[in-house]
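Working notes, beginning with the structure itself.
All values derive from a computational prediction rather than experimental measurement.
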Amino acid sequence: PQDRKGFIRRRVFPDRLSGSEAINYSHVLGVLLRKSLIYVSTRWPWPPQSGREFMIAQVIKALWVDYDITYIYIGNKEFLEIPDCISATIRLPLPSMPRVVLNFLSHCGHPFQEMLFYSPRNKKKIENLIRLIRPQFLICDMIRTASYASARGASAENGVLVGCDMDDLLSRRYTQLQNTARKVDFFGTYDRDAFWSLLEKVLAPTRDWVLRQEAWRMARRELEVGRTFDFVYLVSKHEAKLLRDKCREGSITHFSPAIEINDIQPRDAAANCNIAPWSSCLRVGFIGDMRTSVNQNAVLFILDTLHPKMGARDFDLVIAGRAPDFLTERLKAPNIRYIGFVERVDDFYDSVDVLLAPYQSGTGIKIKIIEAMARGAVVLTNIIGVEGLDTRADADILIADTVSDYLDALERARSPQFRFEISRNARAYVEANHSLKSEAGGLLDFLARLRRNFGHETPPVDKVLPPPGGVRPNSAMAAEP
């Protein structure tokens with residue numbers, strides 16, 4: 001090979017292939033000369049547009065150091081970009097509606113999300129691909145794709161270790177939503193079309209029943225995956241410990257959100273931490289895509305609970321991000337500046353004295369908080385916002401539980417010296433605890449230990465090519481009629 005790109009061609013395989021678009025065996029050979037890995041997901045995370053997409057992109061970038069990655073995307077989104085860390089991309093169709101109905105009848109004990117994305121035909125295509133390239137690992141994106149882990153050939157006996165990138169314990173999140181959330185995305189973030197939007201509206205009146213059912217089903221499935229998969233990793237070491245305590249026979253670890261700290265410049269001290277005068281008008285900000293339930297619930301808490309109490313004090317409240325129409329109207333209230341979508345998040349962090357993050361639901365680690373702290377922003381959040389973090393209250397970050405706690409923290413933040421100390425400590429915390437190099441190294445070491453523990457070595461190339469059973473080069477990518 002002359003170079004990496006010339007040797008392993010990054011190709012997009014559509015769900016329908018003509019004979020001329022069959023798999024190039026030079027790609028297969030390139031994969032086999034390095035350790036290989038298949039990642040199955042219902043999300044296309046480039047460019048990242050949500051916290052979960054950020055984490056998938058981070059995982060893929062970390063794995064790329066040691067592995068050639070074949071990314072299987074189950075969905076309809078158009079590819080805006082294909083990163084260099086992907087050797088091959090295969091798009092598979094979403095299950096048809098009759099298939100989804102059949103899943104609900106035949107897999108009635110599984111979580112609703114898993115039933116929405118399972119297709120036997122897609123599973124067969126994944127089996128063919130496993131036979132073709134013999135990966136060292138097959139990783140499923142969350143519980144929703146866990147059914148594909150039972151693909152024939154995906155087993156430790158065949159040299160393929162199966163793992164789940166679980167992200168967080170959704171059973172905890174659904175239980176939490178029953179008590180705190182006013183807006184719920186039943187199926188999480190996915191490629192919505194008119195049908196799924198309609199289905200959410202139909203299910204809205206049965207919200208509490210759906211959440212109870214999904215929490216119960218998801219809890220059972222999480223335990224099953226933790227006990228039967230070769231490995232599982234989550235973003236929060238707190239949740240990884242919770243699952244490990246219940247699945248002592250499983251290999252469970254954590255892979256936290258990480259920041260390439262050198263790519264994020266610390267904010268100018270004069271922008272937020274000028275320690276000369278006492279600031280009378282405190283600039284308080286919130287930023288987030290308010291079309292998602294997590295950010296919607298946070299903004300509704302600000303509007304309905306916190307802002308009325310802030311009104312009599314000298315605060316400048318600024319809210320940024322896309323919002324649905326009903327929220328846009330509410331954000332026109334007095335003493336609120338709504339600026340909509342912002343191109344550069346760092347500029348927004350620099351424009352406020354305190355960043356509000358009053359999450360009302362959510363599990364795992366909040367990436368927005370990590371990014372803001374890396375910039376040196378002074379973050380005011382609650383116990384949900386700091387879950388999984390080893391931050392020090394009133395040293396690295398501000399933490400509040402009640403409305404009075406929020407107001408007291410904002411009053412203390414009027415001191416430029418206090419903000420200066422928090423800002424400096426926040427960036428130092430991220431540098432010490434969320435380095436991309438450190439997190440990536442930890443995940444790769446974990447996978448290498450797994451291979452050694454199972455006694456597997458990379459299969460010799462001459463025993464893999466040609467593929468067994470006379471599989472046609474394009475059979476793994478054949479279209480679903």
### Query
Are Trp216 and Tyr174 close enough that their ring centres sit under 6.0 Å apart?
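Not close enough - the centres of the two rings lie 6.0 Å or further apart.
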### Aromatic centroids of Tyr73 and Phe79 separated by under 6.0 Å
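Centroid distance Phe79-Tyr73: below 6.0 Å, so yes.
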### Message
Within this structure, what is the OG1-CD1 distance for the pair Thr145 and Ile74, rounded to the nearest 0.5 Å?
### Response
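One finds 7.0 Å between OG1 of Thr145 and CD1 of Ile74.
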### Task
Could you grab the distance from atom SG of Cys140 to atom CD1 of Ile126, nearest 0.5 Å is fine?
7.5 Å
### Summary
For Ser171, the side chain to side chain donor-acceptor pair (under 3.5 Å) test, sequence neighbours excluded, returns Glu222
### Query
Can you list the steps and then say if Glu114 with Arg217 is a side chain to side chain contact (heavy atoms under 4.5 Å, CB included)?
CA-CA 10 Å; Glu114 192 172 3; Arg217 293 163 183 258; over 6 Å; no
Check whether any side-chain heavy atom of [X] lies under 4.5 Å from a side-chain heavy atom of [Y], and answer yes or no.
| X | Y | answer |
| --- | --- | --- |
| Ser251 | Leu450 | yes |
| Asp167 | Arg173 | yes |
| Ile264 | Arg427 | yes |
| Arg227 | Arg248 | no |
| Val40 | Asn122 | no |
| Met218 | Leu169 | no |
| Pro358 | Leu306 | no |
| Phe348 | Val318 | yes |

### Task
Identify, with sequence neighbours excluded, every residue that meets side chain to side chain contact (heavy atoms under 4.5 Å, CB included) alongside Val65.
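Partners of Val65 under the side chain to side chain contact (heavy atoms under 4.5 Å, CB included) test: Leu444.
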### Task
Can you sort out the partners of Asn262 under side chain to side chain contact (heavy atoms under 4.5 Å, CB included), two or more places apart, ordered by chain and number?
none
Looking at residues at least two apart in the chain, or sitting in another chain, which of them share a ring pair (Phe, Tyr, Trp, His ring centres under 6.0 Å) with [X]?
| X | value |
| --- | --- |
| Tyr148 | Tyr118 |
| Tyr406 | Phe301 |
| Phe104 | Phe112 |
| Phe231 | Phe137 |

Among all residues two or more places apart in sequence or in another chain, which pass the salt bridge (Lys or Arg N to Asp or Glu O under 4.0 Å) test with [X]?
| X | result |
| --- | --- |
| Asp347 | Arg344 |
| Arg220 | none |
| Asp263 | none |

For [Y], does its backbone N or O pair with a side-chain atom of [X] as donor and acceptor, under 3.5 Å?
| X | Y | result |
| --- | --- | --- |
| Gln49 | Pro47 | no |
| Asp230 | Gly163 | no |
| Thr328 | Pro324 | yes |
| His434 | Pro257 | yes |
| Asn103 | Met115 | yes |
| Lys61 | Ala440 | no |
| Glu81 | Trp46 | no |
| Thr206 | Trp209 | no |
| Asp168 | Leu234 | no |
| Ser423 | Arg419 | no |

Nearest heavy-atom pair of [X] and [Y]: which atoms, and what distance?
| X | Y | result |
| --- | --- | --- |
| Leu436 | Ala258 | CA-CB, 3.4 Å |
| Leu327 | Met290 | CD1-CB, 3.9 Å |
| Val162 | Ser155 | CG2-N, 4.5 Å |
| Pro135 | Ile38 | CG-CD1, 3.7 Å |
| Leu138 | Ala149 | CD2-CA, 4.1 Å |
| Gly75 | Leu94 | CA-CG, 3.8 Å |

### Message
Using side chain to side chain contact (heavy atoms under 4.5 Å, CB included), reason through Asp346 and Arg267 one step at a time and then give a plain yes or no.
### Response
CA-CA 8 Å; Asp346 287 349; Arg267 64 187 299 170; over 6 Å; no
### Task
Give the intermediate values and the outcome of side chain to side chain contact (heavy atoms under 4.5 Å, CB included) for residues Thr363 and Leu170.
CA-CA 8 Å; Thr363 51; Leu170 286 177; 5.5 Å; no
### Query
Should the pair Arg414 and Phe315 be classed as cation-pi, given the thresholds of under 6.0 Å to the six-membered ring centre and 45° from the axis?
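Positive - Arg414 is close enough to the ring of Phe315 and near enough to its axis.
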#### Entry: Where at least one partner belongs to residues 433-450, residue pairs that pass salt bridge (charged side-chain N to carboxylate O under 4.0 Å, His left out), sequence neighbours excluded
none
One thing to verify: whether [Y] and [X] come together as a salt bridge, which I'm taking to mean a side-chain N less than 4.0 angstrom from a carboxylate O.
| X | Y | value |
| --- | --- | --- |
| Glu371 | Arg375 | no |
| Asp289 | Arg322 | no |
| Arg52 | Asp165 | yes |

### Task
Give the intermediate values and the outcome of side chain to side chain contact (heavy atoms under 4.5 Å, CB included) for residues Arg330 and Val299.
CA-CA 10 Å; Arg330 294 203 57 187; Val299 169; over 6 Å; no
### Query
With distance as the sole criterion, is a donor-acceptor pair present between the side chains of Tyr359 and Thr381 under 3.5 Å?
no
### Query
Is it the case that Thr42 and Arg144 place a side-chain donor and acceptor less than 3.5 Å from each other?
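Note: Thr42 and Arg144 side chains meet the donor-acceptor criterion.
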N/O donor-acceptor pairs under 3.5 Å from side chains in residues 384-403, not counting sequence neighbours:
{"from": "Glu387", "atom 1": "OE2", "to": "Arg172", "atom 2": "NH1", "distance (Å)": "2.9"}
{"from": "Glu387", "atom 1": "OE2", "to": "Gly364", "atom 2": "N", "distance (Å)": "3.4"}
{"from": "Asp390", "atom 1": "OD2", "to": "Lys237", "atom 2": "NZ", "distance (Å)": "2.5"}
{"from": "Arg392", "atom 1": "NE", "to": "Asp396", "atom 2": "OD1", "distance (Å)": "3.4"}
{"from": "Arg392", "atom 1": "NE", "to": "Asp396", "atom 2": "OD2", "distance (Å)": "3.1"}
{"from": "Arg392", "atom 1": "NH2", "to": "Asp396", "atom 2": "OD1", "distance (Å)": "2.8"}
{"from": "Asp394", "atom 1": "OD1", "to": "Arg412", "atom 2": "NH1", "distance (Å)": "3.0"}
{"from": "Asp396", "atom 1": "OD2", "to": "Arg392", "atom 2": "N", "distance (Å)": "2.9"}
{"from": "Thr402", "atom 1": "OG1", "to": "Ser404", "atom 2": "OG", "distance (Å)": "3.0"}
{"from": "Thr402", "atom 1": "OG1", "to": "Asp405", "atom 2": "N", "distance (Å)": "3.2"}
{"from": "Thr402", "atom 1": "OG1", "to": "Asp405", "atom 2": "OD2", "distance (Å)": "3.2"}

### Message
Are there over 12 heavy-atom neighbours, none belonging to Ile339, within less than 6.0 Å of that residue's CD1?
### Response
yes
